[in-house]
K.L.:
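So that we are looking at the same thing, I have put the structure below in structure tokens.
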2 protein chains.
Amino acid sequence: MTATVDGNAAIDRLRMQNAAVPEAGATLTIADIAERTGVTAHTLRYYERIGLLDVERDGAGHRVYGPAEYRRVVFLNRMRMTGMPIRELQRYVALVREGEQTMPERLALMLAHREAVRRQLAELTFALETIDFKITAYGGDCPV
Amino acid sequence: MTATVDGNAAIDRLRMQNAAVPEAGATLTIADIAERTGVTAHTLRYYERIGLLDVERDGAGHRVYGPAEYRRVVFLNRMRMTGMPIRELQRYVALVREGEQTMPERLALMLAHREAVRRQLAELTFALETIDFKITAYGGDCPV
DNA sequence: GTTTGCGTTAGAGCGCGCTCGAAGGCCTAC
DNA sequence: GTAGGCCTTCGAGCGCGCTCTAACGCAAAC
């Protein structure tokens, strides 16, 4: 993972994920996916174990990832970044497997999560004021 | 904790904390502090145990909180909300106990944390786009 | 042919931040 | 005087999300 000017590892990862989308028909190993997404092989196996990923095996029993799996990993990673619990992701993935008729429910899940993220943003912004206040206070004196 | 229009429990708590500042000289029980800050009595004892709070005892051995302790609890709560680890709070509190000469170091800690929170805000904002994209996609079809 | 290196599985372990249980003390109300 | 309720301490337990170990397999490189 290469560092960029702002030095934000998570944002770097997001940029990397956008840049490293495999072309249609490509087949990738677990190491490839780990490198391209920044999700460790251990975690990829863990995600598969708990039902977040479905991955084929080659003749040697090794995992074979394609663009669809790549996109899934990136999606999972972003939802985790925004604090979506594993349990909810399991529910979402289960709905995807059930087929098109679950699209309204999936949409509802995403809408609810968007609200959760917006609340999170509001909280962070609010709490940031306390930090700013603290920093300003260190110009004078600082209680606590 | 009373609900407000937007239904954001954490923001409600922040508002409540601002509204429930005890007047100078007031003495509060652990239950009072729990109610006013939204931090449970269990957690308040835990914070004390790990060195984040210093609280006096009355004749019966019960904890007695004053405005300074209240402010400390509110501060701790806000730093936790923004993801500051307990270890860092322990370090900060240790610096406070060491006295005024640690103010530059405390300031540096706060500045670093402010940057961390800003990064967090950037990440959330970035990842929010993925959610928005997903939601838009449900108007059409949705891969993954 | 053996070393190197990547992969596999099952399952244990860990760090964090609480959260709870048990056993008991003090104070007030009835 | 006894029941209820809130307080105390100590220590164990828990949910989450990984993270790592052990033991082993296959396959190309030397």
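Lettering follows sequence order; numbering is per chain, from 1. If you're wondering where the values come from, they're calculated on a predicted model, not measured in any experiment.
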K.L.:
Should we say atom CZ of A:Arg87 is surrounded by more than 12 heavy atoms from elsewhere, each under 6.0 Å from it?
P.N.:
no

K.L.:
With respect to the phosphate group of C:dT9, does any side-chain polar atom (N or O) of A:Arg63 fall under 4.0 Å of OP1 or OP2?
P.N.:
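Checking A:Arg63 against C:dT9: at least one side-chain N or O falls below 4.0 Å of OP1 or OP2.
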
K.L.:
Roughly how many Å is it from CG in B:Leu89 to P in C:dG17, rounded to a whole number?
P.N.:
9 Å

K.L.:
Determine whether more than 12 heavy atoms belonging to other residues, nucleotides or ligands lie under 6.0 Å from atom CD of B:Glu100.
P.N.:
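Not more than 12 within 6.0 Å, no.
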
K.L.:
To the nearest angstrom, how far is B:Leu44 atom CG from D:dC7 atom C1'?
P.N.:
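From B:Leu44 CG to D:dC7 C1': 13 Å.
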
K.L.:
Tell me the interatomic distance from A:Tyr46, atom OH, to C:dA12, atom P, rounded to whole angstroms.
P.N.:
16 Å

K.L.:
Indicate whether OP1 or OP2 belonging to C:dG17 is found under 4.0 Å from a side-chain N or O atom of B:Tyr47.
P.N.:
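Looking at the OP1 and OP2 atoms of C:dG17, neither is under 4.0 Å from any side-chain N or O of B:Tyr47.
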
K.L.:
Looking for any heavy atom pair under 4.0 Å, which part of the strands does B:Arg45 touch: base, sugar-phosphate only, or nothing?
P.N.:
base

K.L.:
Nearest-Å distance, CD (B:Glu56) to C1' (D:dT8)?
P.N.:
16 Å

K.L.:
Has B:Arg49 got a side-chain N or O lying under 4.0 Å from the OP1 or OP2 atom of C:dG17?
P.N.:
no

K.L.:
Scan A:Ala31 against the nucleic acid and name what it touches under 4.0 Å (heavy atoms): base, sugar-phosphate only, or nothing.
P.N.:
sugar-phosphate

K.L.:
Quickly work out the A:Tyr65 OH to C:dC6 C1' distance and round it to whole Å.
P.N.:
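It is 14 Å, rounded to the nearest whole Å.
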
K.L.:
How about B:Glu56: does its CD atom have over 12 heavy atoms from other parts shown lying under 6.0 Å from it?
P.N.:
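No, because the 6.0 Å sphere around CD of B:Glu56 holds 12 heavy atoms or fewer from other groups.
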
K.L.:
Whether A:Thr43 contacts D:dG17 is assessed here as follows: a side-chain N or O lying under 4.0 Å from the phosphate OP1 or OP2. Is that the case?
P.N.:
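No, because none of the side-chain N or O atoms of A:Thr43 sits under 4.0 Å from OP1 or OP2 of D:dG17.
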
K.L.:
On DNA chain C, check which nucleotide each of B:Arg87 and B:Ala60 is closest to and give me the residue with the more 5' one.
P.N.:
B:Arg87

K.L.:
B:Met81 has an atom CE; how far is it from atom P of C:dC18, in whole Å?
P.N.:
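In whole Å, C:dC18 P lies 13 Å from B:Met81 CE.
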
K.L.:
Return no unless some side-chain N or O of B:Arg80 is found under 4.0 Å from OP1 or OP2 of C:dC18.
P.N.:
yes

K.L.:
Name the residue closer to the 5' end of DNA chain D, choosing between A:His42 and A:His62 according to the nucleotide with the nearest heavy atom.
P.N.:
A:His42

K.L.:
Please give, in whole Å, the distance from D:dT8 C1' to B:Asp58 CG?
P.N.:
11 Å

K.L.:
Is the backbone of B:Thr37 close enough, under 3.5 Å, to the side chain of B:Tyr70 for a donor and an acceptor to pair up by distance?
P.N.:
no

K.L.:
In whole angstroms, how far is the P atom of C:dC18 from the CG atom of B:Leu76?
P.N.:
10 Å

K.L.:
If you look at every strand shown and take non-hydrogen atoms under 4.0 Å, does B:Thr40 touch a base, only sugar-phosphate, or nothing?
P.N.:
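B:Thr40: no heavy atom of the nucleic acid under 4.0 Å.
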
K.L.:
In terms of relative ring orientation, are B:Tyr92 and A:Tyr138 parallel, tilted or perpendicular, with 30° and 60° separating the classes?
P.N.:
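It falls in the perpendicular class, over 60°.
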
